[in-house]
Amino acid sequence: MQIDLHTHTGYSYDAEAKPVEAHVQAAVEHGISVLGFSEHTDFFYQESLAESDFAPGLVDFPMYQREVEPFRSGRVLPADIAAQQNDIAACREAYQGKIILRNGIELGQPHTAPDLADELLEKFSFDYVIGSIHHLSDDMDMYFVHYEQKNPDEVMEDYFSETDKMLQYGKFHILGHIDYPLRVMKLPYNKPSLKGYMNYVDEILKQLIVRGIALECNTKSLFGWQKALGPEDCVLSRYRELGGELITVGSDSHAPETIARGIPQALERLKQFGFSYITDFEDGKPIQHKL
């Protein structure tokens, strides 16, 4: 069964402005059986950011101002979930019998504004919630940091500290892209990896298992500098050793053209690591599909 639970439509601030139906049609054409929509809703510690909050040369603040700040509303970067869910409902009717559609959401740093995150989760019904860390403790998205100015150990320690805080908040079903920093920390002279941080990873994986939260196999890294599916082998093998069984797959698509990218390769890889099932969610309940 082909499943893609991590996708973004034009309702996410950083996705192509194309309708939900275009994504559904693309998924049907690629043989996807279950398609989940997980629009971005990110949260922040601070109401706003100023360039003076950062050391000179540390971040690309003009790019942040252009690509993120216009979409922020105080401590939240919202999506129009009501309109999106209406579109999904219409597509469910139009594509009945062809594909199963899930209402999901990707909450970025919900622990930074738990009152606002709780309000959103009470207002809408979701089949699943992805919890992700995109920003470090200074509220800056990791994409805009100049890593030649940063100690990589400090970045990773900050990242894992925020991940732990999000796990303590706990109101999500899937941990999104545990290897997110690796996407952006690549410099001409380095090849970032989680291998040197397995003490942090180990604790996160243990918490996932205890809390019944699924680990995500995010395929986007296959098409970036890594040219490999995430997470790294060391993470998947350790998750299996610890007894982890809940695992989802997602393309992290931001356009109809990238729906389902890497999903077949991800499913085959999971078989090789000894997983027997792939996880799906309906009304917050995990469904295990045989691989």
Side-chain angles (χ1 to χ4, degrees), residues 6 8 12-15 38-79 105-117 120 129-169 172 175-194 196-197 200-201 204 216 218 220-221 224-226 230-231 252 254:
H6 193 148
H8 301 276
S12 287
Y13 77 99
D14 60 348
S38 52
E39 309 299 353
H40 284 298
T41 298
D42 279 55
F43 299 91
F44 302 85
Y45 286 112
Q46 304 174 69
E47 289 287 335
S48 62
L49 293 181
E51 191 165 11
S52 58
D53 294 332
F54 305 92
L58 183 60
V59 300
D60 189 340
F61 202 79
M63 185 176 289
Y64 162 79
Q65 286 182 306
R66 183 171 64 251
E67 297 193 13
V68 176
E69 190 175 54
F71 302 97
R72 280 189 63 169
S73 178
R75 294 176 65 196
V76 62
L77 195 164
I105 191 167
E106 183 179 13
L107 299 186
Q109 308 80 230
H111 62 284
T112 66
D115 51 335
L116 298 178
L120 179 70
V129 176
I130 299 174
S132 297
I133 299 296
H134 301 117
H135 310 143
L136 297 176
S137 59
D138 59 9
D139 276 346
M140 179 56 69
D141 192 307
M142 283 181 268
Y143 265 100
F144 306 127
V145 176
H146 292 310
Y147 290 98
E148 65 275 14
Q149 305 291 334
K150 294 277 285 185
N151 182 323
D153 289 344
E154 292 179 1
V155 174
M156 297 304 292
E157 287 168 6
D158 194 355
Y159 172 74
F160 286 120
S161 174
E162 292 304 304
T163 302
D164 181 69
K165 291 173 185 175
M166 184 173 70
L167 282 164
Q168 301 313 311
Y169 171 76
F172 58 98
L175 176 64
H177 44 56
I178 192 173
D179 53 354
Y180 183 80
L182 306 187
R183 293 184 188 178
V184 295
M185 292 178 69
K186 180 75 171 74
L187 294 170
Y189 51 81
N190 76 344
K191 188 177 181 181
S193 169
L194 295 183
Y197 304 96
Y200 295 107
V201 172
I204 288 171
E216 180 186 65
N218 190 294
K220 195 166 186 176
S221 56
W225 72 264
Q226 293 155 283
D252 213 340
H254 285 63

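His177 and His6 have tilted rings, their planes meeting at an angle from 30° to 60° on a 0 to 90° scale. Between Phe144 and Tyr64, the angle of the ring planes goes over 60°, which puts this pair in the perpendicular group of the 30/60° scheme. Note on ring orientation: taking the six-membered ring where Trp is involved, the planes of Phe160 and Tyr197 are tilted (angle from 30° to 60°).
For residues 157-169, the pairs satisfying salt bridge (charged side-chain N to carboxylate O under 4.0 Å, His left out) are Glu162-Lys165, with sequence neighbours left out. Applying the salt bridge (charged side-chain N to carboxylate O under 4.0 Å, His left out) definition to pairs two or more places apart or across chains, none involves residues 48-74.
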**Request:** List the steps and the verdict of side-chain contact (heavy atoms from CB on, under 4.5 Å) for Ile133 and Tyr159.
**Result:** CA-CA 7 Å; Ile133 299 296; Tyr159 172 74; 3.6 Å; yes

**Message:** As a quick check of understanding, evaluate side-chain contact (heavy atoms from CB on, under 4.5 Å) for Val145 and Val155, giving each step before the final call.
**Reply:** CA-CA 10 Å; Val145 176; Val155 174; 5.6 Å; no

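Two residues are said to be in side-chain contact when any heavy atoms from C-beta on lie closer than 4.5 Å; Leu77 and Val68 meet this criterion. With a 4.5 Å cut-off on side-chain heavy atoms, Gln109 and Arg75 do not count as touching. Looking at heavy atoms from C-beta onward, Lys220 lies in side-chain contact with His254 at the 4.5 angstrom threshold. Contact check for Ile178 versus Thr163: no side-chain heavy atoms found under the 4.5 Å cut-off. Contact check for Phe43 versus His111: no side-chain heavy atoms found under the 4.5 Å cut-off. With a 4.5 Å cut-off on side-chain heavy atoms, Asp138 and Tyr45 do not count as touching.
With rounding to the nearest 0.5 angstrom, the OH atom of Tyr169 is 10.0 Å from the OG1 atom of Thr112. Here the straight-line distance linking atom CE of Met142 with atom CG of Leu136 works out to 5.0 Å at 0.5 Å rounding. Expressed to the nearest 0.5 Å, how far CD of Glu216 lies from OG of Ser132 amounts to 6.5 Å. Rounding to the nearest 0.5 Å places CE of Met185 at 6.5 Å from OH of Tyr147. Between the OG1 atom of Thr41 and the CD1 atom of Ile105 there is a distance of 3.5 Å, given to the nearest 0.5 Å. Distance check: Ser161 OG to Met156 CE gives 12.5 Å after rounding to the nearest 0.5 Å.
When only modelled atom types and interatomic distance are considered, Tyr13 and Asp42 share no side-chain donor-acceptor pair under 3.5 Å.
In this structure, the side chain of Ser12 engages the main chain of His40 through a donor-acceptor pair within 3.5 Å. Counting only distance, with no hydrogens or angles, the side chain of Trp225 and the backbone of Leu182 share a donor-acceptor pair below 3.5 Å. Between the side chain of His8 and the main chain of Ser38, a donor-acceptor pair closer than 3.5 Å is present. Looking at Asp141, its side chain never comes within 3.5 Å of a backbone N or O of His135 through a donor-acceptor pair. The closest donor-acceptor contact from the side chain of Asp139 to the backbone of Phe44 lies at 3.5 Å or more, if one exists at all. For the pair Lys186 (side chain) and Asn190 (backbone), a donor-acceptor distance under 3.5 Å is present.
Tyr180 has its ring centre less than 6.0 Å from the ring centre of Tyr143.
Annotation for Asp179 and Gly230: closest pair OD2-CA, 3.4 Å, computed over non-hydrogen atoms.
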